[in-house]
Engineer: 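Got a structure here, written out as structure tokens. Questions coming.
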Amino acid sequence: MEGLTLSDAEQKYYSDLFSYCDSESTKKVAAHGRVLELFRAAQLPSDVVHQIMELCGATRLGYFGRSQFYIALKLVAVAQSGFPLRVESINTVKDLPLPRFVASKNEQESRHAASYSSDSENQGSYSGVIPPPPGRGQVKKGSTSHDTVQPRTSADQQEPVSPVVSPQQSPPTSPHTWRKHSRHPSGGNSERPLAGPGPFWSPFGEAQSGSSAGDAVWSGHSPPPPQENWVSFADTPPTSTLLTMHPASVQDQTTVRTVASATTANEIRRQSSSYDDPWKITDEQRQYYVNQFKTIQPDLNGFIPGSAAKEFFTKSKLPILELSHIWELSDFDKDGALTLDEFCAAFHLVVARKNGYDLPEKLPESLMPKLIDLEDSADVGDQPGEVGYSGSPAEAPPSKSPSMPSLNQTWPELNQSSEQWETFSERSSSSQTLTQFDSNIAPADPDTAIVHPVPIRMTPSKIHMQEMELKRTGSDHTNPTSPLLVKTSDLSEETKINSSVKFASGNTVDGYSSSDSFTSDPEQIGNNVTRQRSHSGMSPDNTAPPPPPPRPQPSHSRSSSLDMNRTFSVTTGQQQAGVVAQPPAVPPRPQPSQAPGPVVHRPVDADGLITHTSTSPQQIPEQPNFADFSQFEVFAASNVNEEQDDEAEKHAEVLPVEKASDPASSLRVAKTDSKIEEKTAASAPANVSKGTTPLAPPPKPVRRRLKSEDELRPEVDEHTQKTGVLAAVLASQPSIPRSVGKDKKAIQASIRRNKETNTVLARLNSELQQQLKDVLEERISLEVQLEQLRPFSHL
Amino acid sequence: MGWILVASAAVILFLQNYPLYIRSVPTENELKFHYMVHTSLDVVDEKISAMGKALVDQRELYLGLLYPTEDYKVYGYVTNSKVKFVMVVDSSNTALRDNEIRSMFRKLHNSYTDVMCNPFYNPGDRIQSRAFDGMVTSMMIQVC
């Protein structure tokens with residue numbers, strides 16, 4: 001081919017067109033498809049088109065390479081200008097106006113022009129150019145008319161459209177041409193002054209000239225041309241399938257043109273009003289979608305079956321692959337049917353795609369089903385991020401009841417509802433991550449015994465704390481049982497365990513929110529507990545079974561916290577003093593068999609407790625969870641105070657331990673108590689005899705706490721160890737001179753409970769391990785992906 | 001019945017013994033994976049027919065290690081609709097426990113179900129779902 005010299009404007013224009021045609025980015029354009037459309041749109045006789053194609057060599061090659069394409073475009077311009085088509089004419093004809101393509105190509109042109117000119121009218125025409133969606137819904141609607149269209153388009157055009165360029169830029173994957181245009185705004189603008197070579201562009205430049213029908217598309221800028229715009233649309237049926245979003249058109253229009261205008265209007269509105277959130281559905285659009293939904297499914301709370309939706313969206317004439325992808329994005333619960341929300345999201349995506357926006361990889365936030373506020377925290381910086389979604393408030397009516405799959409959807413709700421537990425979540429950013437994990441994990445573990453999604457992974461301490469709470473509330477009959485406690489759980493073990501489990505399930509029922517609050521709540525508690533637990537970990541070997549599985553935690557922590565807080569909030573403060581007064585762990589008091597072990601640990605615990613003490617009081621007011629603990633303490637204290645005589649022996653054991661370390665916080669005491677309970681349980685018989693009377697108060701509550709603590713501890717090892725130790729201790733202290741029978745029964749009961757708790761905890765532990773493994777796998781995979789992506793970023 | 005091959009490698013999803021979806025990492029030796037998978041299809045068929053009656057529970061959907069070669073292990077899984085999943089993993093990928101393989105097949109099955117739910121997907125087409133791709137990629141990254 002002869003060398004082709006192109007002016008700057010031509011160069012840009014051609015390259016844009018080439019990109020537009022080169023939809024597969026293969027640097028060559030098939031002779032069919034868009035190129036043919038383009039040439040047809042050039043309004044040249046077909047023989048001329050053939051001649052052009054021959055001349056440029058496409059027929060030889062079978063496809064349009066870039067050079068061929070450029071030559072072809074030049075020849076088109078030549079032909080349009082009336083010059084004879086000759087190979088040499090491509091270079092000899094000077095000041096050749098840019099080839100003009102009508103109709104669909106005009107849309108492209110208009111888009112180009114729009115981008116170049118960034119003129120409001122251009123924008124208007126730009127939007128107007130967008131081919132109207134398939135007249136599916138529209139056709140049904142009433143009459144159309146250019147009139148209606150006209151005023152609308154003019155109205156549309158009047159809308160400020162300056163930011164149009166930005167929307168083009170915001171979606172990263174906007175069509176090549178658009179992007180190019182947006183990237184070459186200066187170039188585009190520079191093209192404007194090119195009056196000569198660009199009569200084509202003149203309409204844009206003037207943006208007001210009522211161009212002839214030939215430039216109908218471009219003339220769309222000004223009110224008069226809109227008709228022509230529509231005319232051109234009508235002339236290009238293949239392209240006129242964009243769904244109109246214009247509310248007016250929705251209600252009045254039926255024609256494609258109407259749709260187009262409506263779309264244009266919507267486009268403009270969309271662009272102008274929310275160009276930082278292209279994915280947001282405006283009210284008009286939404287109304288339109290709802291009406292469309294009604295045509296398929298009169299019940300707004302019902303579903304559209306997949307087949308009906310398929311037919312509907314096929315009318316949009318998008319490629320099946322893209323429709324498939326849109327479906328994947330919008331069918332959030334993967335049930336093969338679309339709710340109103342999903343339908344609106346799908347419709348919106350179709351419209352966006354028709355307008356040239358590329359489909360995101362993940363559903364934009366604003367398109368998420370409104371039923372549940374989903375948190376797109378897991379998004380991988382897709383278009384949604386770029387588009388700048390605005391968290392769409394839940395506007396859609398809940399069309400589907402949350403099911404297990406929707407538990408994933410509850411995460412956002414959870415996250416949002418976590419605000420209720422602001423105090424909880426404030427501490428743990430991990431709640432977010434935990435949330436994400438859970439959403440990923442929960443579905444992957446269908447066979448877990450947990451009915452509800454597995455609660456966040458809690459540190460053992462958290463679990464411990466929660467278990468303590470559970471245990472306390474569960475075992476403590478005096479405590480008002482929250483409704484959550486009554487919730488069914490998978491574990492149908494002892495009541496205590498059940499209650500603890502119910503706590504968990506109850507929490508989980510609330511969604512991950514509970515786990516959220518869970519994570520956050522227990523954190524502080526967990527911190528305190530952890531410290532204690534770390535100690536108790538050492539000590540409990542003798543008595544405390546591992547804390548209960550995390551499952552129970554979420555439910556019970558929240559429920560317990562809420563209820564307990566309410567219940568004990570008053571007493572907490574009061575009791576704190578008393579509780580604090582109770583010495584934490586490590587009682588130097590001599591205890592049989594256990595004494596060495598527990599004593600050793602207890603002192604440590606006591607120290608830890610002491611440190612916690614200072615924090616716990618602070619925490620108590622801040623966190624309901626802590627309040628729980630404080631309730632525990634309060635409870636303990638109350639128990640202590642109230643039932644001082646109760647099982648003095650056990651108390652005595654605990655008390656000495658407690659008293660050894662100076663109490664500071666309720667939590668600490670609680671923890672201590674728990675530990676002590678464990679030890680106490682084991683050494684109950686033995687310790688009783690040891691001058692326990694003065695320590696009467698703690699025993700009973702302490703023991704209970706111990707039990708809950710035991711149940712809380714998830715460590716399987718500790719389970720076995722503790723169980724063994726406990727058994728051993730218990731066995732080793734038969735001769736304690738107190739109401740042995742009473743103790744024995746209590747101890748045996750506690751042993752039983754502990755064992756059951758152990759099994760539960762062991763199971764939970766294994767499940768948690770599995771989850772942890774899955775999470776780690778995901779993390780690794782993400783890291784690998786990240787590494788894989790990194791080199792690309794340099795390209 | 002289509003087949004899916006996942007290897008260490010490759011995942012191939014088979015339907016009627018022609019592939020619905022093939023993905024392998026690394027991408028070289030892909031033909032080798034294909035060959036192995038094709039041969040393993042015979043084993044799968046053998047196991048299916050050996051199963052006899054319609055005892056189609058999860059356990060039996062997972063066919064387990066079809067046969068180990070010197071370099072690779074081939075695992076199989078069949079759905080109720082006789083769609084076969086074949087996974088080829090590198091033997092050097094030691095610590096791939098059976099549980100993990102099972103969970104991977106389960107994930108594959110779930111993703112395949114999601115693909116099926118898409119009304120725009122015609123059974124028998126090659127699977128071009130991005131979500132499915134993403135899932136398989138993440139899975140294979142774990143394996144590799």
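These numbers were taken from a predicted model, which means no experiment stands behind them. What's counted below: heavy atoms across the whole structure, side chains too, no hydrogens, waters or symmetry copies. Per chain, numbering begins at 1; letters A, B, ... match sequence-line order.
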Engineer: CE/B/Met104 to CD/A/Glu777 distance, rounded to the nearest 0.5 angstrom?
Structural biologist: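 The CE atom of B/Met104 sits 8.0 Å away from the CD atom of A/Glu777.
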
Engineer: Between A/Leu323, A/Leu321, A/Ile320, which residue shows the highest count of heavy-atom pairs closer than 4.5 Å to chain B?
Structural biologist: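 Among the listed options, the one with the most contacts to chain B is A/Leu323.
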
Engineer: Would you mind listing every salt bridge (Lys or Arg N to Asp or Glu O under 4.0 Å) that reaches into residues 321-330 of chain A, with sequence neighbours excluded?
Structural biologist: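 Qualifying pairs: A/Glu322-A/Arg353.
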
Engineer: With A/Ile780, which residues qualify under side-chain contact (heavy atoms from CB on, under 4.5 Å), at least two apart?
Structural biologist: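 For A/Ile780 the side-chain contact (heavy atoms from CB on, under 4.5 Å) partners, ignoring immediate neighbours, are A/Val784.
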
Engineer: When you compare the side chain of A/Phe313 with that of B/Phe120, does any pair of heavy atoms fall below 4.5 Å?
Structural biologist: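 Sidechains of A/Phe313 and B/Phe120: in contact.
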
Engineer: Does any part of the side chain of B/Gln128, heavy atoms only, come nearer than 4.5 Å to the side chain of A/Ser324, both counted from C-beta?
Structural biologist: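 Of all side-chain heavy-atom pairs linking B/Gln128 with A/Ser324, none is under 4.5 Å.
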
Engineer: What's the spacing between B/Asn99 CG and A/Gln770 CD if we round to 0.5 Å?
Structural biologist: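 One finds 6.0 Å between CG of B/Asn99 and CD of A/Gln770.
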
Engineer: Restricting to non-hydrogen atoms, name the atom on A/Gly306 and the atom on B/Pro119 that form the minimum distance, rounded to 0.1 Å.
Structural biologist: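 Answer, listing the atom of A/Gly306 first, then B/Pro119: O-CB, 3.3 Å.
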
Engineer: Using 0.5 Å steps for rounding, measure from the CD atom of A/Gln788 to the OG1 atom of B/Thr137.
Structural biologist: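 Going from the CD atom of A/Gln788 to the OG1 atom of B/Thr137 covers 8.5 Å.
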
Engineer: Would you check, one step at a time, whether the test side-chain contact (heavy atoms from CB on, under 4.5 Å) holds for A/Glu778 with B/Ser138?
Structural biologist: CA-CA 7 Å; A/Glu778 287 180 33; B/Ser138 68; over 6 Å; no

